[in-house]
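Data first, discussion second: the structure below is written as structure tokens.
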Amino acid sequence: SQQGEEDPQALSIQEGENATMNCSYKTSINNLQWYRQNSGRGLVHLILIRSNEREKHSGRLRVTLDTSKKSSSLLITASRAADTASYFCATHAGGTSYGKLTFGQGTILTVHP
Amino acid sequence: DGGITQSPKYLFRKEGQNVTLSCEQNLNHDAMYWYRQDPGQGLRLIYYSQIVNDFQKGDIAEGYSVSREKKESFPLTVTSAQKNPTAFYLCASSERDRGRTDTQYFGPGTRLTVL
């Protein structure tokens, strides 16, 4: 079953604008990760945030985590046409679920030049 | 050049045939995974293996089988029992690290079409 639900399902913006994607999940987590997928390709890991962290930055990426609301957001600042891709959140439950990630449905981001 | 390779990139199968998808990694990772992705959907876990000669069913294992005889290799067989096998199949691997981050590294995928 899919733990993560992402919102919006699709997002279309102009180059230079910021893009925000949200992810909600249902059960407690050890960490939450964001991945990017270009059309027809494999996924690439972007950033990981642990359950005891609230915010993390990596270049133009900013991730927040609110464990009380069981939600996370990914912000891409100053977007570029090359950021066009699908973005997935994935949760790691910890405990005995070693290695298992549960992926959301994804947000399709289109950045127009 | 380290990474994960999957072959073939495209695979066509007739109904009733078994097919095997290859996944090889040279990252020295202990854990490997197989996912299925349908159009416009997220990834669903088929099987995963934390160590050689051991593997566990994921959420949608019916109609699939795997083996893990070598650390580098985790082939997936799509059997004739899988009723709707047309999909994009992704293999991934991760370290078994103390930090329990379980960041996964993905191959380029195999697109399977049943004719």
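Nothing here was measured: the structure is a model prediction, and the numbers come from that model. Residue numbering restarts at 1 for every chain, and letters A, B, ... go by the order of the sequence lines.
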**Report entry** Same apolar cluster: A:Leu65 and A:Ile76, side chain cutoff 4.5 Å
**Finding:** yes
Query raised in the report: Does A:Leu61 share a hydrophobic cluster with A:Leu32, counting links as ILVMFWY side-chain heavy atoms below 4.5 Å and allowing steps through other members?
Result: yes
Query raised in the report: In this structure, are over 12 heavy atoms from other groups packed under 6.0 Å from A:Gln9 atom CD?
Result: no
Query raised in the report: Does CD in A:Gln14 sit with more than 12 non-hydrogen atoms of other residues, nucleotides or ligands closer than 6.0 Å?
Result: yes
Query raised in the report: Are B:Tyr64 and B:Tyr35 grouped together when hydrophobic residues (ILVMFWY) are joined by side-chain heavy atoms under 4.5 angstrom apart?
Result: no
Requested in this report: Please round to the nearest 0.5 Å and tell me the distance separating atom CG of B:Leu45 and atom CG of A:Leu101.
Outcome: 9.0 Å
Query raised in the report: Side chains of A:Gln33 and B:Gln104: does their closest heavy-atom pair fall under 4.5 Å?
Result: no
Query raised in the report: Can B:Phe74 be reached from B:Ile46 by stepping across I, L, V, M, F, W or Y side chains whose heavy atoms are under 4.5 Å apart?
Result: yes
Requested in this report: Among B:Lys9, B:Gln41, B:Gln56, B:Gln6, single out the residue with the greatest number of heavy-atom pairs under 4.5 Å to chain A.
Outcome: B:Gln41
Report task. Dump the intermediate steps for side-chain contact (heavy atoms from CB on, under 4.5 Å) on B:Leu43 and A:Tyr35, then the final yes or no. Result -> CA-CA 11 Å; B:Leu43 278 65; A:Tyr35 289 78; over 6 Å; no
Query - Stepwise side-chain contact (heavy atoms from CB on, under 4.5 Å) check, A:Gln37 with B:Leu90 - result: CA-CA 11 Å; A:Gln37 182 182 34; B:Leu90 288 159; 4.0 Å; yes
**Report entry** Transitive ILVMFWY side-chain link B:Leu21 to B:Ile60, under 4.5 Å
**Finding:** yes
Query raised in the report: Does any heavy atom of chain A fall under 4.5 Å from the side chain of B:Gln37, the backbone, both, or neither of them?
Result: side chain
Query raised in the report: What do you reckon, is CD of B:Glu69 surrounded by more than 12 foreign heavy atoms closer than 6.0 Å?
Result: no
Query - Contacts of residues 108-115 of chain B with chain A (heavy atom under 4.5 Å) - result: B:Pro108, B:Arg111
Name every donor-acceptor pair, under 3.5 Å, that has one atom in a side chain of residues 39-48 of chain A and the other anywhere in the protein, sequence neighbours excluded.
none

